[in-house]
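Read through the structure below, which is laid out as C-alpha coordinates, and then see the notes.
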There are 2 protein chains.
Amino acid sequence: MAQVKNNYQFEDMLQKHNLKKTAPRLRVLSMMYSKNTATSQPDLESVMNDIDRVTLYRILNVFEEKGIIHKVFDLNGTANYAVCHSDCQENHHHDEHLHFNCTVCKNVYCLNELNMPRLTLPAGFEAQGFTLYASGLCPKCSKKSAVKVN
Amino acid sequence: MAQVKNNYQFEDMLQKHNLKKTAPRLRVLSMMYSKNTATSQPDLESVMNDIDRVTLYRILNVFEEKGIIHKVFDLNGTANYAVCHSDCQENHHHDEHLHFNCTVCKNVYCLNELNMPRLTLPAGFEAQGFTLYASGLCPKCSKKSAVKVN
DNA sequence: TTATAAATACAATAATGTTGCATTTGTGTT
DNA sequence: AACACAAATGCAACATTATTGTATTTATAA
(Lines give C-alpha, C1' and ligand atoms only; values in the text may rest on other atoms or scores of the structure.)
Protein backbone atom coordinates (compact mmCIF):
# COMPACT_ATOMS: atom_id res chain seq x y z
CA MET A 1 0.00 0.00 0.00
CA ALA A 2 2.25 2.75 1.29
CA GLN A 3 4.87 3.70 -1.24
CA VAL A 4 8.34 2.87 0.00
CA LYS A 5 10.90 5.57 -0.72
CA ASN A 6 14.22 6.48 0.84
CA ASN A 7 15.62 9.83 1.80
CA TYR A 8 17.52 10.28 -1.48
CA GLN A 9 14.29 9.91 -3.38
CA PHE A 10 12.63 12.55 -1.23
CA GLU A 11 15.55 14.88 -1.88
CA ASP A 12 15.16 14.28 -5.59
CA MET A 13 11.48 15.06 -5.37
CA LEU A 14 12.17 18.39 -3.76
CA GLN A 15 14.88 19.24 -6.23
CA LYS A 16 12.68 18.36 -9.18
CA HIS A 17 10.15 20.90 -7.97
CA ASN A 18 12.72 23.58 -7.25
CA LEU A 19 12.22 23.30 -3.54
CA LYS A 20 15.09 23.51 -1.12
CA LYS A 21 15.98 20.34 0.74
CA THR A 22 15.14 21.17 4.31
CA ALA A 23 14.75 18.94 7.32
CA PRO A 24 11.07 19.78 7.95
CA ARG A 25 10.12 19.05 4.36
CA LEU A 26 11.95 15.76 4.29
CA ARG A 27 10.32 14.68 7.52
CA VAL A 28 6.87 15.55 6.23
CA LEU A 29 7.49 13.66 3.01
CA SER A 30 8.73 10.57 4.78
CA MET A 31 5.77 10.56 7.12
CA MET A 32 3.26 10.94 4.33
CA TYR A 33 4.82 8.25 2.20
CA SER A 34 5.01 5.80 5.09
CA LYS A 35 1.25 5.67 5.51
CA ASN A 36 -1.53 4.58 3.23
CA THR A 37 -3.93 7.12 4.64
CA ALA A 38 -4.16 10.87 4.29
CA THR A 39 -2.54 13.21 6.78
CA SER A 40 -3.89 16.42 8.29
CA GLN A 41 -1.98 19.38 9.66
CA PRO A 42 -3.03 18.37 13.21
CA ASP A 43 -1.64 14.88 12.53
CA LEU A 44 1.69 16.35 11.53
CA GLU A 45 1.72 18.77 14.41
CA SER A 46 1.14 16.06 17.00
CA VAL A 47 4.09 14.06 15.72
CA MET A 48 6.46 16.86 14.79
CA ASN A 49 5.80 19.24 17.64
CA ASP A 50 9.26 20.76 17.33
CA ILE A 51 8.32 22.19 13.94
CA ASP A 52 6.29 25.37 13.89
CA ARG A 53 2.59 25.09 13.06
CA VAL A 54 2.89 27.73 10.39
CA THR A 55 5.78 25.91 8.77
CA LEU A 56 3.68 22.78 8.49
CA TYR A 57 0.83 24.70 6.90
CA ARG A 58 3.22 26.24 4.41
CA ILE A 59 4.86 22.94 3.61
CA LEU A 60 1.48 21.39 2.90
CA ASN A 61 0.57 24.32 0.72
CA VAL A 62 3.68 24.23 -1.47
CA PHE A 63 3.51 20.48 -1.77
CA GLU A 64 -0.05 20.81 -2.98
CA GLU A 65 0.82 23.58 -5.43
CA LYS A 66 3.64 21.48 -6.82
CA GLY A 67 1.45 18.47 -7.27
CA ILE A 68 3.21 16.31 -4.70
CA ILE A 69 0.18 15.87 -2.49
CA HIS A 70 -3.50 16.59 -2.89
CA LYS A 71 -6.07 17.90 -0.49
CA VAL A 72 -9.12 15.99 0.57
CA PHE A 73 -11.63 16.96 3.23
CA ASP A 74 -12.75 14.38 5.74
CA LEU A 75 -16.19 14.00 7.28
CA ASN A 76 -15.47 16.83 9.69
CA GLY A 77 -14.37 19.23 7.00
CA THR A 78 -10.75 19.24 8.07
CA ALA A 79 -8.19 19.23 5.31
CA ASN A 80 -6.25 16.02 4.83
CA TYR A 81 -3.44 15.50 2.38
CA ALA A 82 -2.45 12.38 0.52
CA VAL A 83 0.47 11.71 -1.75
CA CYS A 84 -0.43 11.99 -5.39
CA HIS A 85 0.29 9.29 -7.82
CA SER A 86 2.22 9.72 -11.02
CA ASP A 87 -0.11 11.78 -13.15
CA CYS A 88 -0.41 14.86 -10.97
CA GLN A 89 1.37 17.97 -12.14
CA GLU A 90 1.88 21.46 -10.83
CA ASN A 91 -1.47 23.16 -10.33
CA HIS A 92 -3.23 20.39 -12.15
CA HIS A 93 -4.37 17.52 -10.02
CA HIS A 94 -5.91 14.29 -11.13
CA ASP A 95 -7.81 13.46 -8.07
CA GLU A 96 -10.52 11.40 -9.61
CA HIS A 97 -10.65 8.42 -7.39
CA LEU A 98 -12.56 7.25 -4.36
CA HIS A 99 -11.83 8.75 -0.96
CA PHE A 100 -12.90 6.46 1.80
CA ASN A 101 -13.40 7.97 5.24
CA CYS A 102 -13.66 5.46 8.05
CA THR A 103 -16.26 6.47 10.61
CA VAL A 104 -14.40 4.71 13.41
CA CYS A 105 -10.69 5.45 13.02
CA LYS A 106 -11.39 8.59 10.96
CA ASN A 107 -8.66 7.70 8.51
CA VAL A 108 -9.02 8.76 4.90
CA TYR A 109 -7.94 6.21 2.29
CA CYS A 110 -7.32 7.07 -1.33
CA LEU A 111 -8.50 4.12 -3.34
CA ASN A 112 -6.70 4.81 -6.57
CA GLU A 113 -7.34 1.40 -7.98
CA LEU A 114 -11.00 2.27 -8.39
CA ASN A 115 -11.67 4.15 -11.57
CA MET A 116 -14.38 6.73 -11.60
CA PRO A 117 -17.61 5.98 -13.37
CA ARG A 118 -18.43 8.28 -16.26
CA LEU A 119 -21.46 10.39 -15.74
CA THR A 120 -23.33 13.08 -17.55
CA LEU A 121 -24.31 16.30 -15.86
CA PRO A 122 -27.54 18.26 -16.26
CA ALA A 123 -27.49 20.81 -19.06
CA GLY A 124 -25.39 23.88 -18.39
CA PHE A 125 -23.01 22.39 -15.88
CA GLU A 126 -19.41 22.08 -17.01
CA ALA A 127 -17.40 19.84 -14.73
CA GLN A 128 -13.67 20.25 -14.42
CA GLY A 129 -13.10 17.58 -11.84
CA PHE A 130 -14.80 14.86 -9.86
CA THR A 131 -14.26 13.39 -6.45
CA LEU A 132 -16.07 10.48 -4.97
CA TYR A 133 -16.46 10.03 -1.24
CA ALA A 134 -17.54 7.02 0.68
CA SER A 135 -17.82 6.61 4.41
CA GLY A 136 -18.08 3.47 6.43
CA LEU A 137 -15.79 0.91 7.95
CA CYS A 138 -12.25 0.38 6.74
CA PRO A 139 -10.82 -3.16 6.70
CA LYS A 140 -9.13 -2.80 10.08
CA CYS A 141 -12.16 -1.39 11.85
CA SER A 142 -14.67 -3.73 10.26
CA LYS A 143 -12.60 -6.68 11.42
CA LYS A 144 -12.48 -5.31 14.95
CA SER A 145 -16.22 -4.67 15.12
CA ALA A 146 -16.91 -8.18 13.83
CA VAL A 147 -15.18 -9.83 16.77
CA LYS A 148 -16.54 -7.15 19.08
CA VAL A 149 -13.16 -6.07 20.29
CA ASN A 150 -13.29 -2.65 21.90
CA MET B 1 -35.68 24.13 -8.80
CA ALA B 2 -36.15 25.71 -5.40
CA GLN B 3 -38.96 24.09 -3.51
CA VAL B 4 -41.80 26.52 -2.95
CA LYS B 5 -43.30 26.35 0.52
CA ASN B 6 -45.24 28.80 2.63
CA ASN B 7 -44.89 29.70 6.26
CA TYR B 8 -47.58 27.26 7.39
CA GLN B 9 -45.67 24.43 5.83
CA PHE B 10 -42.50 25.49 7.61
CA GLU B 11 -44.41 25.55 10.89
CA ASP B 12 -45.68 22.06 10.19
CA MET B 13 -42.17 20.88 9.49
CA LEU B 14 -40.96 22.15 12.85
CA GLN B 15 -43.92 20.66 14.66
CA LYS B 16 -43.43 17.30 13.01
CA HIS B 17 -39.90 17.20 14.38
CA ASN B 18 -40.89 18.36 17.85
CA LEU B 19 -39.17 21.67 17.40
CA LYS B 20 -40.66 24.87 18.69
CA LYS B 21 -41.86 27.34 16.11
CA THR B 22 -39.51 30.24 16.59
CA ALA B 23 -38.87 33.22 14.39
CA PRO B 24 -35.18 32.44 13.74
CA ARG B 25 -35.94 28.88 12.70
CA LEU B 26 -38.73 29.91 10.37
CA ARG B 27 -36.52 32.52 8.74
CA VAL B 28 -33.72 30.03 8.23
CA LEU B 29 -36.12 27.52 6.71
CA SER B 30 -37.63 30.01 4.33
CA MET B 31 -34.24 31.20 3.20
CA MET B 32 -32.97 27.69 2.59
CA TYR B 33 -36.05 26.62 0.68
CA SER B 34 -36.02 29.72 -1.49
CA LYS B 35 -32.68 28.86 -3.07
CA ASN B 36 -31.53 25.93 -5.14
CA THR B 37 -28.02 26.08 -3.69
CA ALA B 38 -26.64 25.13 -0.32
CA THR B 39 -26.27 27.64 2.48
CA SER B 40 -23.43 28.13 4.94
CA GLN B 41 -23.51 29.63 8.39
CA PRO B 42 -21.67 32.72 7.06
CA ASP B 43 -24.35 33.07 4.37
CA LEU B 44 -27.06 33.06 6.99
CA GLU B 45 -25.14 35.41 9.23
CA SER B 46 -24.66 38.00 6.52
CA VAL B 47 -28.38 38.11 5.80
CA MET B 48 -29.74 37.67 9.32
CA ASN B 49 -27.28 39.75 11.26
CA ASP B 50 -29.83 40.41 13.96
CA ILE B 51 -29.76 36.75 14.93
CA ASP B 52 -26.90 35.54 17.08
CA ARG B 53 -24.18 33.55 15.35
CA VAL B 54 -24.42 30.78 17.91
CA THR B 55 -28.15 30.50 17.38
CA LEU B 56 -27.58 29.99 13.68
CA TYR B 57 -25.03 27.27 14.35
CA ARG B 58 -27.44 25.54 16.68
CA ILE B 59 -30.33 25.82 14.29
CA LEU B 60 -28.26 24.24 11.53
CA ASN B 61 -27.23 21.48 13.90
CA VAL B 62 -30.74 20.52 15.00
CA PHE B 63 -32.04 20.72 11.47
CA GLU B 64 -29.33 18.33 10.41
CA GLU B 65 -30.00 15.95 13.30
CA LYS B 66 -33.67 15.93 12.46
CA GLY B 67 -33.04 15.19 8.81
CA ILE B 68 -34.38 18.50 7.50
CA ILE B 69 -31.11 19.57 5.93
CA HIS B 70 -27.85 17.84 5.19
CA LYS B 71 -24.29 19.02 5.41
CA VAL B 72 -21.95 19.22 2.48
CA PHE B 73 -18.48 20.71 2.43
CA ASP B 74 -17.48 23.03 -0.36
CA LEU B 75 -14.08 23.31 -2.03
CA ASN B 76 -12.80 25.39 0.88
CA GLY B 77 -13.92 22.90 3.49
CA THR B 78 -16.60 25.14 4.89
CA ALA B 79 -19.85 23.47 5.85
CA ASN B 80 -22.82 24.16 3.63
CA TYR B 81 -26.32 22.91 4.22
CA ALA B 82 -28.97 21.98 1.72
CA VAL B 83 -32.57 20.99 2.19
CA CYS B 84 -33.06 17.27 2.11
CA HIS B 85 -35.54 15.64 -0.12
CA SER B 86 -38.23 13.29 1.03
CA ASP B 87 -36.30 10.21 2.00
CA CYS B 88 -34.13 11.67 4.74
CA GLN B 89 -34.96 10.73 8.29
CA GLU B 90 -33.68 11.60 11.71
CA ASN B 91 -30.01 10.65 12.00
CA HIS B 92 -30.19 8.78 8.74
CA HIS B 93 -29.46 10.81 5.67
CA HIS B 94 -29.71 9.74 2.08
CA ASP B 95 -27.25 12.05 0.57
CA GLU B 96 -26.27 9.97 -2.38
CA HIS B 97 -26.35 12.44 -5.17
CA LEU B 98 -23.98 14.78 -6.95
CA HIS B 99 -22.79 17.94 -5.25
CA PHE B 100 -21.64 20.50 -7.74
CA ASN B 101 -19.39 23.28 -6.51
CA CYS B 102 -19.00 26.17 -8.91
CA THR B 103 -15.45 27.48 -8.95
CA VAL B 104 -16.61 31.00 -9.86
CA CYS B 105 -19.68 31.79 -7.76
CA LYS B 106 -18.73 29.17 -5.14
CA ASN B 107 -22.32 27.97 -4.93
CA VAL B 108 -23.01 24.35 -4.11
CA TYR B 109 -25.80 22.70 -6.06
CA CYS B 110 -27.38 19.42 -5.06
CA LEU B 111 -28.17 17.59 -8.26
CA ASN B 112 -30.70 15.11 -6.98
CA GLU B 113 -31.89 14.12 -10.40
CA LEU B 114 -28.61 12.35 -11.01
CA ASN B 115 -28.59 8.87 -9.60
CA MET B 116 -25.37 7.50 -8.26
CA PRO B 117 -23.52 4.86 -10.18
CA ARG B 118 -23.14 1.56 -8.38
CA LEU B 119 -19.60 0.66 -7.55
CA THR B 120 -17.76 -2.08 -5.77
CA LEU B 121 -15.15 -1.34 -3.15
CA PRO B 122 -11.87 -3.14 -2.55
CA ALA B 123 -12.10 -6.10 -0.20
CA GLY B 124 -12.59 -5.23 3.45
CA PHE B 125 -14.19 -1.82 2.98
CA GLU B 126 -17.82 -1.55 4.04
CA ALA B 127 -19.43 1.60 2.74
CA GLN B 128 -22.37 3.13 4.53
CA GLY B 129 -22.78 6.14 2.29
CA PHE B 130 -21.51 7.77 -0.85
CA THR B 131 -21.19 11.33 -1.96
CA LEU B 132 -20.08 12.52 -5.33
CA TYR B 133 -18.48 15.90 -5.83
CA ALA B 134 -17.89 17.76 -9.02
CA SER B 135 -16.39 21.19 -9.46
CA GLY B 136 -16.51 23.45 -12.45
CA LEU B 137 -18.81 26.04 -13.93
CA CYS B 138 -22.48 26.22 -13.08
CA PRO B 139 -24.98 27.20 -15.81
CA LYS B 140 -25.03 30.86 -14.79
CA CYS B 141 -21.27 31.25 -14.64
CA SER B 142 -20.54 29.27 -17.78
CA LYS B 143 -22.93 31.50 -19.70
CA LYS B 144 -21.21 34.61 -18.36
CA SER B 145 -17.74 33.38 -19.20
CA ALA B 146 -18.88 32.47 -22.72
CA VAL B 147 -19.84 36.04 -23.58
CA LYS B 148 -16.85 37.35 -21.65
CA VAL B 149 -18.93 39.48 -19.34
CA ASN B 150 -16.99 40.53 -16.24
C1' DT C 1 -52.68 32.47 33.12
C1' DT C 2 -49.15 30.14 34.74
C1' DA C 3 -45.39 26.61 35.00
C1' DT C 4 -41.92 24.45 32.62
C1' DA C 5 -38.92 23.01 29.26
C1' DA C 6 -36.82 24.66 25.26
C1' DA C 7 -34.60 28.22 22.59
C1' DT C 8 -32.08 32.40 22.25
C1' DA C 9 -28.53 35.97 23.41
C1' DC C 10 -24.38 37.08 25.34
C1' DA C 11 -19.76 36.24 27.05
C1' DA C 12 -15.88 33.58 27.07
C1' DT C 13 -12.97 30.14 25.16
C1' DA C 14 -11.07 26.83 21.79
C1' DA C 15 -9.54 25.39 17.48
C1' DT C 16 -7.92 26.41 13.03
C1' DG C 17 -5.82 29.08 9.61
C1' DT C 18 -3.34 33.43 7.92
C1' DT C 19 -0.02 37.46 7.66
C1' DG C 20 4.18 40.10 8.53
C1' DC C 21 8.74 40.21 9.72
C1' DA C 22 13.23 38.97 11.80
C1' DT C 23 16.36 35.13 11.75
C1' DT C 24 18.28 31.13 9.86
C1' DT C 25 19.46 28.01 6.19
C1' DG C 26 20.32 26.10 1.53
C1' DT C 27 22.51 26.77 -2.77
C1' DG C 28 24.83 28.80 -6.68
C1' DT C 29 28.89 31.68 -7.54
C1' DT C 30 33.14 33.62 -6.88
C1' DA D 1 35.94 27.49 1.18
C1' DA D 2 33.62 31.62 1.84
C1' DC D 3 30.25 34.78 0.38
C1' DA D 4 25.82 36.64 -1.23
C1' DC D 5 21.25 36.11 -1.97
C1' DA D 6 16.97 34.07 -2.18
C1' DA D 7 14.20 30.96 0.17
C1' DA D 8 12.47 28.75 4.28
C1' DT D 9 11.70 28.71 9.10
C1' DG D 10 10.25 30.51 13.65
C1' DC D 11 7.81 33.69 16.24
C1' DA D 12 4.25 37.02 17.29
C1' DA D 13 0.07 38.81 16.25
C1' DC D 14 -4.23 38.50 14.23
C1' DA D 15 -8.51 36.58 11.79
C1' DT D 16 -11.92 33.33 11.23
C1' DT D 17 -14.77 29.66 12.54
C1' DA D 18 -16.81 26.83 15.88
C1' DT D 19 -17.99 25.43 20.74
C1' DT D 20 -19.45 25.74 25.71
C1' DG D 21 -21.76 27.70 29.74
C1' DT D 22 -25.26 30.40 31.60
C1' DA D 23 -28.76 33.93 32.25
C1' DT D 24 -32.80 35.53 29.95
C1' DT D 25 -36.59 35.00 26.98
C1' DT D 26 -40.14 32.44 24.60
C1' DA D 27 -43.29 28.71 23.09
C1' DT D 28 -46.44 25.47 24.57
C1' DA D 29 -49.14 22.46 27.37
C1' DA D 30 -51.64 22.16 31.66
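Order of the sequence lines fixes the chain letters, A, B, ..., with proteins taken first and strands second; residue numbering starts at 1 for each chain.
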task = Name the residue closer to the 5' end of DNA chain C, choosing between Pro42(A) and Arg58(A) according to the nucleotide with the nearest heavy atom.
result = Pro42(A)

message = I need the CD-P distance between Glu45(B) and dT17(D), as an integer number of Å.
response = 8 Å

note = Lys20(B) has its side chain closest, among dT20(D), dA6(C), dT17(D), to dA6(C)

message = Rounding to an integer number of Å, can you tell me how far Glu64(B) CD sits from dA18(D) C1'?
response = 14 Å

query = With no hydrogens and no angle check, do the side chains of Gln15(A) and Glu11(A) hold a donor and an acceptor under 3.5 Å apart?
reply = no

request  = Nearest whole angstrom, please: distance from the C1' of dC11(D) to the CG of Leu56(A).
outcome  = 14 Å

query = When all nucleic acid strands are considered with a 4.0 Å heavy-atom cut-off, which category describes Arg25(A): base, sugar-phosphate, or nothing?
reply = sugar-phosphate

message = Nearest whole Å is fine: how far is dG28(C) C1' from Lys21(A) NZ?
response = 12 Å

note = Sorted by position of nearest nucleotide on DNA chain D, 5' first, the leading residue of Gln15(B) and Ala23(A) is Ala23(A)

inquiry  = Tell me the interatomic distance from Asp74(B), atom CG, to dT16(D), atom P, rounded to whole angstroms.
reply    = 17 Å

message = How many whole angstroms separate atom NE2 of His17(B) from atom C1' of dA27(D)?
response = 19 Å

ask   = Rounding to a whole Å, what distance do you find between Glu11(A):CD and dT27(C):P?
value = 8 Å

ask   = For residues Asp74(A) and Thr78(A), is any side-chain donor paired with an opposing acceptor at under 3.5 Å?
value = yes

message = With a cut-off of less than 4.0 Å, is there a side-chain N or O of Thr55(B) near OP1 or OP2 of dA9(C)?
response = yes

query = Considering only side-chain heavy atoms of Leu19(B), which listed nucleotide, dG21(D), dA7(C), dA12(D), is closest?
reply = dA7(C)

inquiry  = Taking only side-chain N and O atoms of Thr78(B), does any of them lie within less than 4.0 angstrom of OP1 or OP2 on dT17(D)?
reply    = no

inquiry  = Quick check on the 6.0 Å ring-centre criterion: do Tyr33(B) and Phe10(B) meet it?
reply    = yes

query = Quick one: on DNA chain D, does Asp52(A) or Arg53(B) contact a more 5' nucleotide (nearest heavy atom)?
reply = Asp52(A)

query = Are Thr22(A) and dA7(D) close enough that a side-chain N or O sits under 4.0 Å from OP1 or OP2?
reply = no

key: Interatomic distance, Ile59(B) CD1 vs dA27(D) P [rounded to whole Å]   = 13 Å

message = Can you tell whether the side chains of Arg27(A) and Asp50(A) come within less than 4.0 Å, N to carboxylate O?
response = yes

message = Counting the benzene-type ring for Trp, do Tyr133(B) and Phe73(B) have ring centres under 6.0 Å apart?
response = no

